[in-house]
Amino acid sequence: MTDTQKIAWHHFMFQVPADWEVTAYSVEERFGRLEFGTRKGFRGLVSWEECKHEPDAETMMLSFLRKHAGFEDESLKPSSARNLSTSKSGIFLTGAYGPHSPLQALAYLHEKKKLIRWVFPAGDASPTDKSICSILESFALNDGPSIEYAIFGFRFLLP
């Protein structure tokens with residue numbers, strides 16, 4: 001991934017492909033999301049939510065896949081976390097259930113008590129995809145006396 005842009009919002013900063021545009025967003029600091037798309041359609045979603053304790057990432061991934069992966073045949077749904085293909089990319093645990101399921105990446109920010117989740121569409125990503133790994137590994141915490149916001153071509157700092 002050579003041509004990138006910085007996205008900075010509540011709690012995080014990432015480098016995403018330059019042709020990705022934010023197509024939906026939430027402004028709430030406690031929980032929300034940024035959705036990305038290109039002319040080819042949906043490319044990814046990053047969300048954040050409050051979590052008092054670090055969740056079991058594999059159980060969360062499994063629950064998400066069972067609810068949202070769109071398995072036409074119920075027997076194809078993953079039955080346990082052992083069915084997931086997982087790996088680490090930066091601070092994120094990535095997981096998928098074969099090439100026809102979405103790829104998820106989860107990271108828990110202990111000090112902020114926030115869960116950061118990326119979802120990439122089925123067929124477009126695998127846990128070893130270099131562009132996905134580049135996005136996840138570009139993570140930087142967005143905190144301090146000034147918070148950076150970089151979105152919609154704007155870039156600014158707020159106290």
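- Here Trp9 and Tyr149 bring their ring centres to under 6.0 angstrom of each other.
- Ion pairing between Lys114 and Glu49 fails under the 4.0 Å rule for side-chain N and carboxylate O.
- Looking only at atom types and distance, the side chain of Ser87 has a donor-acceptor partner in the side chain of Thr94 under 3.5 Å away.
- Between Phe156 and Phe154, the distance from one ring center to the other does not fall under 6.0 angstrom.
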Stepwise, does the side chain to side chain contact (heavy atoms under 4.5 Å, CB included) test hold for Lys112 with Asp143? CA-CA 10 Å; Lys112 292 193 163 281; Asp143 65 354; 3.7 Å; yes
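- Proximity of Leu115 to Pro55: side-chain heavy atoms (C-beta onward) are separated by under 4.5 Å at one or more points.
- Relative ring orientation between Trp20 and Trp118 is described as tilted, the plane-to-plane angle lying within the 30° to 60° band.
- Between Asp19 atom CG and Gln5 atom CD the span is 8.5 Å, to the nearest 0.5 Å.
- Between His110 and Tyr108, the ring-plane angle classifies as perpendicular under the 30° and 60° cut-offs.
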List the steps, then state whether side chain to side chain contact (heavy atoms under 4.5 Å, CB included) holds for Arg117 with Leu45. CA-CA 8 Å; Arg117 178 193 321 242; Leu45 173 149; 5.7 Å; no
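- The main-chain N or O of Gly95 is never found under 3.5 Å from a side-chain atom of Gln104 such that the two would form a donor-acceptor pair.
- Note that SG of Cys51 and CE of Met60 are 5.5 Å apart. Values are rounded to the nearest 0.5 Å.
- A 4.5 Å side-chain heavy-atom check between Val119 and Leu103 finds every atom pair outside the cut-off.
- Interatomic distance, Phe12 CZ to Leu34 CG, rounded to the nearest 0.5 Å: 5.0 Å.
- One distance of note links CD of Glu58 with CG of Leu93; it measures 6.0 Å at 0.5 Å rounding.
- Put simply, the side chain of Asn142 never gets that close to the backbone of Ile147: no donor and acceptor are under 3.5 Å apart.
- Note: the hydrophobic cluster containing Leu141 also contains Ile151 (ILVMFWY, side chain heavy atoms under 4.5 Å, direct or indirect links).
- Here Glu50 does not pair with Lys113 in a salt bridge; the nearest charged N to carboxylate O distance is not below 4.0 Å.
- By the 4.5 Å heavy-atom criterion applied to side chains, Val46 and Arg33 are not counted as neighbours.
- Thr4 and Gln15 share a donor-acceptor pair across their side chains, judged by distance under 3.5 Å alone.
- Minimum heavy-atom separation, Ser89 to Cys133: OG-CA, 3.4 Å.
- In this structure, the side chains of Ile91 and Leu109 come closer than 4.5 Å at one or more pairs of heavy atoms.
- Pro121 has its side chain out of reach of Pro102: every pair of non-hydrogen atoms, C-beta onward, lies at least 4.5 Å apart.
- The two residues Asp56 and Thr59 make their nearest non-hydrogen contact at OD1-N, 2.9 Å.
- Between Tyr25 and Phe152, the angle of the ring planes goes over 60°, which puts this pair in the perpendicular group of the 30/60° scheme.
- Not a single side chain to side chain donor-acceptor pair (under 3.5 Å) links His53 to another residue, sequence neighbours left out.
- We find the OG-CD1 distance between Ser47 and Ile116 to be 7.5 Å, quoted to the nearest 0.5 Å.
- Counting heavy atoms from C-beta outward, Thr23 and Phe36 have side chains that stay 4.5 Å or more apart.
- The distance from atom CG of Leu106 to atom CD of Glu54, rounded to the nearest 0.5 Å, is 10.0 Å.
- Judged purely by atom type and a 3.5 angstrom limit, Trp48 uses its side chain to pair as donor or acceptor with the backbone of Glu29.
- Considering every non-hydrogen atom in both Glu137 and Gly90, the closest pair reads CG-N, 3.7 Å.
- Within a 6.0 Å sphere centred on CD of Glu35, other residues, nucleotides and ligands contribute more than 12 heavy atoms.
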